[in-house]
Amino acid sequence: MQSWVKRSHTDTAKRALNTTSLFGTVCFKVQTVLIDEEVEMVTHCCSLIRGPFKSLQLFGSRDCSSYVSRTRYLMRLKEDDEACRGALQSGNVLLYHKLAPLLRQTQRGRYQLHVLQATDVKGILGKLGKDEQLLNTSVLIGCSDSDIAQFSLDVGSLEKAAVEEMCGGVFIDLRKAFFLLKGPEAPLVTKGQALLRWHQTHAYCSATGQPTQRNQAGSQRVCLTNGTTYYPQMAPVVIVLLSDGRRCLLARQSTFPLGMYSALAGFCDMGETMEETLRREVAEEVGLEVESLQFSGSQHWPFPQSSFMVACHATVSPENAEVNLDGVELEDARWFTLEEIEGALKRKPPPQSTKGEPTGFWVPPSYAIANKLIQEWANQQKKL
Ligand SMILES: NC(=O)C1=CN([C@@H]2O[C@H](COP(=O)(O)OP(=O)(O)OC[C@H]3O[C@@H](n4cnc5c(N)ncnc54)[C@H](OP(=O)(O)O)[C@@H]3O)[C@@H](O)[C@H]2O)C=CC1
Ligand SMILES: [Mg+2]
C-alpha cells in the first residue's frame with residue numbers, strides 16, 4: 001500500500017511538472033485536489049525528479065512560507081541520502097582547500113564567495129584527472145535565496161594553484177576571509193568550514209576506534225560496529241558585557257591584537273546552565289558578583305574551533321564594582337565610560353601611531369557579537 005501510494009504520487013508529480021512546464025497554470029488545479037500529506041509527498045517526489053524548488057514553488061503558497069519550505073526541504077535532504085545526492089548534482093558548491101575558502105575579487109576590488117555549480121566542479125575534477133566521486137564528499141550547508149541547495153567541499157587533495165586558476169578565484173585563510181566577506185556570506189563560509197573540519201576530525205568512533213560512516217548530507221556519522229551516531233558539535237560559550245549602571249567592563253588577553261578590549265567570555269563547564277557559566281566566569285576572571293542578567297543574542301564563532309556564543313548583558317552593584325583581576329587569563333580589565341566606548345566604536349582597528357603603538361583602545365569589529373553587546377550598551381546609556 002505504502003509503495004503504491006508513493007508510486008502513484010510520483011506519477012502525479014511527474015505529470016504536474018510536465019503539464020506545468022507546458023501550460024504554466026496546472027499548479028492551481030493540483031493544489032485544490034491534494035490534501036496536506038499528499039502535497040508533502042508530491043513535493044518530495046518532485047524534488048527527486050527535477051530539483052526541489054521548482055516543485056516547492058508549485059505547491060508552496062498553500063501550506064507554508066518559503067522559509068518553511070526551505071527548512072523542510074533541508075530536513076528531507078538530511079534524512080534521505082538519495083534525494084541529497086540528487087540535490088548535489090544541481091546544487092551550488094563552496095570550495096575549500098585545506099579548509100581555506102575560495103573567494104573571488106569583484107571589479108571594484110571587493111571579495112565575495114566564489115560559488116560554483118556542481119557541474120563546474122565535475123568539470124574541474126575531470127580536467128585535473130581526478131575522480132568525480134570527490135564531489136560526493138561535499139556536505140550540505142543550506143539553501144540559497146534562489147532555492148538551490150548549497151554544499152561545501154574540501155579539495156585539499158588537488159593542487160591549490162591549479163584549482164585557483166581554473167576557477168578564477170583564490171583560497172584565503174578563514175580568519176582573513178571572515179573579515180573580507182559581507183552580510184550572510186560570512187556566517188555561511190564559517191558554517192561550511194566548521195562542518196568540513198568536523199568530518200575531517202571525526203572519522204573514527206571514540207569508543208570502538210573503528211571508522212565512522214557519514215550520511216550523504218554530512219549531518220551525522222555512524223559507527224557501524226556499535227551503532228553510535230555522532231552529530232557535529234559546537235562548544236557553548238557565554239559572553240557577557242558587565243555594567244555598573246554608568247560604565248561597562250571590558251578586558252583583554254595577552255593574545256588579543258594590540259589595543260583590543262572585549263567583553264568577558266568563557267566556555268560552559270559540563271552540566272552548567274548559561275546563567276551559572278556567566279556567574280562563574282565573571283567571578284573567576286574579574287572577581288565580581290553578578291546581580292542580574294539579560295539575554296541579547298547568539299553567534300556561531302569558528303575561531304579557534306566551533307563555539308556557540310551566547311551573548312548577555314549583566315549588572316553588578318556600583319558599590320561592589322572593584323575589579324580583582326585573574327592574571328592568568330586576562331592581562332587587563334577596566335571600566336569604561338560611555339564617552340570612551342563611543343570613541344572606541346568609531347576607531348578602525350588597529351589604530352596605530354607612527355611608533356606602532358595603539359593610539360587608543362578599540363573593540364572587536366561588527367561581525368563579532370562582542371561588538372553588538374557594546375553597541376547595545378552604548379545605545380541604552382544614551383537614552384538614560
Ligand atoms: N565572537 C566574539 O565576539 C568573541 C568570541 N570569543 C571567543 O570565546 C571563546 C571563549 O573565550 P575565552 O575567554 O578564551 O574562554 P575561557 O575564559 O573559558 O578560557 C579559555 C580556556 O578555557 C579552557 N577551556 C575549557 N573548555 C574549553 C573548550 N571547550 N575549548 C577550548 N578551551 C576550553 C582552556 O584552558 P586550557 O588551555 O588551560 O585547557 C582555554 O584556554 C574563545 O574561543 C574566543 O575566541 C571571545 C570574545 C569575543
Ligand atoms: Mg575568558
Side-chain angles (χ1 to χ4, degrees), residues 70-71 74 77-78 91-106 110-116 121 137-145 148-156 160 163-164 167 169-202 214 217-221 230-239 255-257 260 262-263 265-268 296-311 349 363-373 375:
R70 277 176 205 156
T71 307
L74 288 172
L77 295 188
K78 287 179 193 167
N92 286 337
V93 183
L94 306 184
L95 288 190
Y96 295 73
H97 191 278
K98 299 197 170 126
L99 298 177
L102 183 72
L103 306 192
R104 71 184 180 89
Q105 222 172 350
T106 64
R110 209 165 72 71
Y111 280 93
Q112 283 182 337
L113 270 181
H114 196 354
V115 182
L116 300 173
V121 177
T137 63
S138 303
V139 293
L140 177 69
I141 54 170
C143 187
S144 74
D145 286 347
I148 297 180
Q150 296 162 309
F151 296 83
S152 64
L153 169 68
D154 198 308
V155 292
K160 190 173 151 198
V163 181
E164 287 177 334
C167 301
V170 53
F171 290 106
I172 294 185
D173 177 71
L174 184 72
R175 218 171 251 276
K176 206 168 157 201
F178 198 52
F179 298 145
L180 294 169
L181 294 173
K182 299 272 175 282
E185 288 197 335
L188 186 67
V189 81
T190 62
K191 182 178 179 179
Q193 197 238 33
L195 199 51
L196 287 170
R197 183 173 44 200
W198 181 76
H199 282 282
Q200 290 175 12
T201 52
H202 290 77
R214 52 167 281 186
S219 57
Q220 55 176 249
R221 299 189 75 94
Y230 294 92
Y231 296 97
Q233 289 184 337
M234 300 185 277
V237 171
V238 176
I239 177 161
T255 52
F256 282 6
M260 189 184 91
S262 185
F267 289 96
C268 294
S296 165
S298 63
Q299 172 182 52
H300 169 240
W301 188 245
F303 313 114
Q305 305 257 327
S306 279
S307 296
F308 176 62
M309 310 287 307
V310 179
V363 293
S366 56
Y367 54 76
I369 203 154
N371 184 286
K372 177 178 176 265
L373 282 174
Q375 291 273 8

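Evaluation of the side-chain contact (heavy atoms from CB on, under 4.5 Å) rule for Q220 yields N215, V222, T229, Y231 as partners, not counting sequence neighbours. Not a single ring-ring contact (aromatic ring centres under 6.0 Å, His included) links H300 to another residue, sequence neighbours left out. Remark: Q200 pairs with D154 by the side-chain hydrogen bond (donor to acceptor under 3.5 Å, both in side chains) rule, at least two apart or across chains. Residues forming a side-chain hydrogen bond (donor to acceptor under 3.5 Å, both in side chains) with S262 (at least two apart in sequence, or on another chain): none. Take D173 and apply the side-chain contact (heavy atoms from CB on, under 4.5 Å) test, not counting sequence neighbours, and it matches R175. Every residue two or more places apart in sequence or in another chain was checked for a side-chain hydrogen bond (donor to acceptor under 3.5 Å, both in side chains) with K78, and none qualifies. Residues meeting the side-chain hydrogen bond (donor to acceptor under 3.5 Å, both in side chains) test with R104, sequence neighbours left out: Q112. With sequence neighbours excluded, no residue forms a ring-ring contact (aromatic ring centres under 6.0 Å, His included) with H114. Residues passing the side-chain contact (heavy atoms from CB on, under 4.5 Å) test with K160 are H97, E164, F171, sequence neighbours excluded. Partners of T137 according to the side-chain contact (heavy atoms from CB on, under 4.5 Å) rule, which considers only residues two or more places apart in sequence or in another chain, are L134, L153, R214.
For the atom pair CG of L99 and OG of S152, the computed distance is 9.5 Å after rounding to the nearest 0.5 Å. With values rounded to the nearest 0.5 angstrom, F151 atom CZ is found 11.5 Å from L195 atom CG. Separating the CG atom in L77 from the CG atom in L140 is a distance of 5.5 Å, to the nearest 0.5 Å. To the nearest 0.5 Å, atom SG of residue C268 and atom CZ of residue F308 are 9.5 Å apart. Here L116 contributes atom CG and C167 contributes atom SG; the two are 5.0 Å apart, rounded to the nearest 0.5 Å. Here CG of L103 is found 11.0 Å from CG of L95. Values are rounded to the nearest 0.5 Å.
For K372 (side chain) and S296 (main-chain N/O), a donor-acceptor pair under 3.5 Å exists by modelled atom type. With S306 contributing its side chain and P302 its backbone, the two residues share no donor-acceptor pair below 3.5 Å. Judged by distance alone, the side chain of N371 and the main-chain N or O of P364 form a donor-acceptor pair under 3.5 Å.
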Show every donor-acceptor pair shorter than 3.5 Å between a side-chain atom in residues 178-191 and any protein atom, with sequence neighbours excluded, or say none if there are none.
{"unit_1": "E185", "atom_1": "OE1", "unit_2": "L113", "atom_2": "N", "d": "3.1"}
{"unit_1": "T190", "atom_1": "OG1", "unit_2": "P187", "atom_2": "O", "d": "2.9"}
{"unit_1": "K191", "atom_1": "NZ", "unit_2": "I141", "atom_2": "O", "d": "2.8"}

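Across all non-hydrogen atoms, the minimal contact from G142 to L74 is O-CD2, 3.5 Å.
V93 pairs with exactly one of L102, V115, V121, V155 by the side-chain contact (heavy atoms from CB on, under 4.5 Å) rule, that one being V121.
Under the 4.5 Å side-chain criterion, counting only non-hydrogen atoms from C-beta, P101 is in contact with L174. Between S366 and Q375 the shortest side-chain heavy-atom distance does not fall below 4.5 Å. When side chains are defined from C-beta on, R110 does not count as touching Q105, because their heavy atoms never get closer than 4.5 Å. Contact annotation: the side chain of I369 never approaches that of W301 to less than 4.5 Å [non-hydrogen atoms, C-beta and beyond].
In this pair, H202 and W198 present their aromatic rings parallel. The plane angle is below 30°, not in the 30 to 60° band.
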Derivation and outcome, side-chain contact (heavy atoms from CB on, under 4.5 Å), residues T201 and Q305: CA-CA 11 Å; T201 52; Q305 305 257 327; 5.9 Å; no
Between V139 and H199, is the side-chain contact (heavy atoms from CB on, under 4.5 Å) condition met? List the steps. CA-CA 9 Å; V139 293; H199 282 282; 3.6 Å; yes
